[in-house]
Amino acid sequence: MTTSTTGTDTLTRDALAVLQPGFAGTTAPDWVRRRLSEGLASVALFGRNVATAEQVTALTAQLRAERDDLLVAIDEESGDVTRLEVRTGSSFPGNHALGAVDDTALTRGVARELGRRLAECGVNFNWAPSADVNANPDNPVIGVRSFGRDTGLVARHTAAYVEGLQSTGVAACTKHFPGHGDTSVDSHHAVPHIDLDATTLNERELQPFRAAIAAGTRAVMSAHIRVPVLDPDRPATLSRRILTGLLRGELGYQGLIVTDGMEMRAISGTYGLEHGVVLAIAAGADAICVGGGLCDEDTVQGLTDALVAAVRSGELPEERLADAAARVRALADWTAGMRRSPALEGDREPEIGLTAARRAVTVTRTGPAAPVTGPVYVATFHPAANIAVGDETPWGVGAELERLLPGTTTGSFTGPDAGARALEAAAGRRVVAVVRDEHRHPWMRTALDTLLAAGPDTVVVEMGVPQSAPRGALHVATHGAARVCGTAAAEAVVAG
């Protein structure tokens with residue numbers, strides 16, 4: 001039986017309030033505006049909703065014409081994961097670059113400037129920062145999204161990021177609880193397992209979340225990961241032991257708990273989307289992230305129906321749904337009260353992103369070679385993008401080197417014969433080889449072997465986690481692939 005959501009009964013309004021759905025298009029659809037009047041309290045923006053900053057500002061104004069205290073969420077980590085600058089690349093380096101610099105004042109300043117830009121566009125809830133400790137260098141989904149592999153470093157930069165972002169009235173959402181850094185599986189595709197003992201979990205994974213809570217993070221995002229030492233049966237998003245027992249009880253966190261995207265196969269492929277949403281709210285989650293893939297009214301209708309039916313059947317206590325909705329509305333009240341934050345009117349730091357990217361660059365000389373003064377051939381080796389990063393956002397150093405060294409040309413390569421094809425395309429010109437996580441891709445390592453054997457003066461630019469030993473006449477590590485990281489790397493190549 002389908003439950004109508006055209007009325008305004010309390011149960012229906014609470015069910016709508018806990019959803020953070022996405023939608024298609026760059027203007028507000030009629031169905032979203034109608035649902036806002038019925039109780040929907042949040043929406044989520046993705047790359048498909050963004051054309052320009054001015055367009056996003058107009059879109060959020062459209063939405064707030066229906067509900068002034070609306071939460072508008074976005075996944076704007078900056079660095080490799082950007083939605084606001086999805087088509088150009090981010091003006092800010094990501095976490096790994098900031099961790100490489102290890103200046104918490106810089107991290108705080110970058111997060112503050114990012115928050116100002118979000119607030120000016122009408123976005124008041126950011127699903128960032130990632131507080132994951134990058135304990136597994138082969139992690140396919142975290143990598144440069146982490147501040148690093150040292151727990152203390154990750155904790156202090158997570159806190160600084162939260163403080164900087166929230167000073168602008170944009171709520172931070174620290175993720176992915178209880179820590180996604182030691183996984184070898186991407187939860188977009190399956191359920192990762194983290195087989196840690198309780199001591200390691202407590203001393204490594206949980207410390208950055210403690211720091212974020214102490215810094216006042218307004219939200220925490222759950223991870224779709226199974227941690228047997230905490231709960232042998234259910235992933236964190238669906239685990240009452242983890243969300244209510246650990247996060248609320250032991251860590252004393254009282255803010256909003258939001259799920260990671262519920263369409264991700266770790267949940268939808270194992271429990272089903274609608275049942276998974278019910279289990280998440282019952283476990284202690286307050287808000288449901290959905291819309292990265294499913295972004296239509298039928299999805300919102302189906303999830304609302306599932307929550308209402310679960311309450312009526314006794315599967316989900318009505319007071320648990322009411323408490324979740326109340327926490328969503330409390331966060332909306334906080335953002336509304338912060339809308340005129342002095343931080344929005346203070347001194348701006350428009351170049352702080354490029355400054356940070358330049359400071360993050362590490363240059364290593366591995367042998368004598370002439371400086372790069374003339375046109376080169378830029379060979380970019382593209383790994384398959386994970387879903388969090390996406391494949392829409394440009395990256396690399398080609399465009400900037402074309403500007404700095406007129407006559408430079410570029411090409412993109414992937415696969416087992418990538419090196420040979422790049423060498424042929426270079427046609428004897430000096431090569432700048434651009435890689436991303438060389439250590440995770442044997443074919444990429446082979447490509448570099450081929451280029452370096454043919455041309456020892458090849459320059460290597462690593463735009464992922466610099467786990468492999470530096471090689472090439474000049475090795476430039478950017479600790480991320482944001483647009484500003486590409487600019488900083490190109491400058492370093494030319495400077496020698």
Side-chain angles (χ1 to χ4, degrees), residues 20 44 73-81 94-96 99 125-136 139-149 151 154-155 157-159 161-162 165 171-194 196 201 204-213 217-227 229-231 234-239 241-243 246-247 251 253 255-268 270 276 280 283-290 292 386-389:
Q20 292 188 346
I74 198 167
D75 192 11
E76 183 57 57
E77 297 178 17
S78 63
D80 290 33
V81 178
N95 285 2
H96 206 60
F125 187 18
N126 190 12
W127 293 326
S130 167
D132 306 300
V133 178
N134 201 37
N136 182 354
N139 194 312
V141 69
I142 301 300
V144 294
R145 300 167 67 195
S146 166
F147 288 110
R149 60 184 306 168
T151 300
V154 174
H157 285 276
T158 297
Y161 191 108
V162 167
L165 185 68
C173 181
T174 305
K175 62 188 184 185
H176 308 80
F177 188 81
H180 209 310
D182 198 19
T183 60
S184 57
V185 172
D186 185 343
S187 51
H188 290 88
H189 303 298
V191 183
H193 296 253
I194 298 185
L196 298 177
L201 183 79
R204 189 178 69 192
E205 267 66 21
L206 296 184
Q207 289 302 329
F209 291 96
R210 288 191 175 94
I213 293 168
T217 188
R218 293 283 161 174
V220 170
M221 177 178 282
S222 66
H224 304 330
I225 58 175
R226 185 172 287 121
V227 187
V229 71
L230 296 175
D231 188 330
R234 287 186 174 175
T237 294
L238 310 183
S239 171
R241 295 184 196 177
I242 294 174
L243 298 188
L246 176 58
L247 183 53
L251 301 188
Y253 175 65
L256 188 79
I257 299 175
V258 60
T259 71
D260 205 345
M262 294 296 283
E263 302 105 309
M264 293 163 65
R265 298 301 296 169
I267 300 297
S268 64
T270 306
D286 306 306
I288 300 295
C289 170
V290 65
N386 67 53
I387 292 174
V389 173

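- Rounded to the nearest 0.5 Å, atoms NE2 (His96) and CD1 (Ile142) are 12.5 Å apart.
- Dense packing is recorded around CZ of Arg204, with more than 12 heavy atoms of other residues, nucleotides or ligands lying under 6.0 Å away.
- Counting heavy atoms from C-beta outward, Phe177 and Leu206 have side chains that approach closer than 4.5 Å.
- Without hydrogens or angle criteria, Thr270 side chain to Ala266 main chain gives a donor-acceptor distance under 3.5 Å.
- Put simply, OG1 on Thr217 and NZ on Lys175 are 11.5 Å apart, with the number rounded to the nearest 0.5 Å.
- With Ser222 as the partner, the side chain to side chain donor-acceptor pair (under 3.5 Å) test is satisfied by one option alone out of Asp260, Thr237, Thr259: Thr237.
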task: Using the side chain to side chain contact (heavy atoms under 4.5 Å, CB included) rule, take Met262 and His224 through it: C-alpha gap first, then chi angles, then the decisive distance, then the call.
output: CA-CA 9 Å; Met262 294 296 283; His224 304 330; 4.0 Å; yes
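- In terms of modelled atom types and a separation under 3.5 Å, the side chain of Tyr253 and the main chain of Ala219 share a donor-acceptor contact.
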Trace of the side chain to side chain contact (heavy atoms under 4.5 Å, CB included) decision for Asp132 with His176: CA-CA 7 Å; Asp132 306 300; His176 308 80; 2.7 Å; yes
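- Among all heavy-atom pairs drawn from Trp127 and Glu77, the shortest one is O-CG, 4.2 Å.
- Between Phe147 and Pro129 the shortest heavy-atom distance is CE1-CB, 4.5 Å.
- Here the closest heavy-atom approach between residue Asn134 and residue Gly143 is recorded as OD1-N, 3.6 Å.
- Residues Glu205 and Pro178 have side chains not in contact (no heavy-atom distance under 4.5 Å, counting atoms from C-beta outward).
- When the options Asn95, Val81, Asn139 are evaluated for a side-chain contact (heavy atoms from CB on, under 4.5 Å) with Arg145, the one that passes is Val81.
- For Ala212 against Thr158, the heavy-atom pair with the smallest separation is CB-CG2, 3.8 Å.
- Between Phe209 atom CZ and Leu246 atom CG the span is 10.0 Å, to the nearest 0.5 Å.
- Asp286 contributes a side-chain N or O that, together with a main-chain N or O of Ile257, makes up a donor-acceptor pair within less than 3.5 Å.
- In this structure, the side chain of Glu76 does not engage the main chain of Asn126 through any donor-acceptor pair within 3.5 Å.
- For the atom pair Leu251 CG and Ile213 CD1, the distance stands at 5.0 Å (nearest 0.5 Å).
- For the residue pair Ser239 / Asp231, a side-chain donor-acceptor distance below 3.5 Å is found, with atom types taken as modelled.
- Here the shortest heavy-atom pairing between Leu256 and Ala287 reads CD2-CB, 4.2 Å.
- The CG atom of Leu201 sits 10.0 Å away from atom CG of Asp182, with the distance rounded to the nearest 0.5 Å.
- To the nearest 0.5 Å, atom CG of residue Asn136 and atom OG1 of residue Thr183 are 7.0 Å apart.
- Scanning all heavy atoms of the two residues, the minimum distance from Ala159 to Ala211 falls at CB-O, 3.9 Å.
- With a 4.5 Å cut-off on side-chain heavy atoms, Thr151 and Pro208 count as touching.
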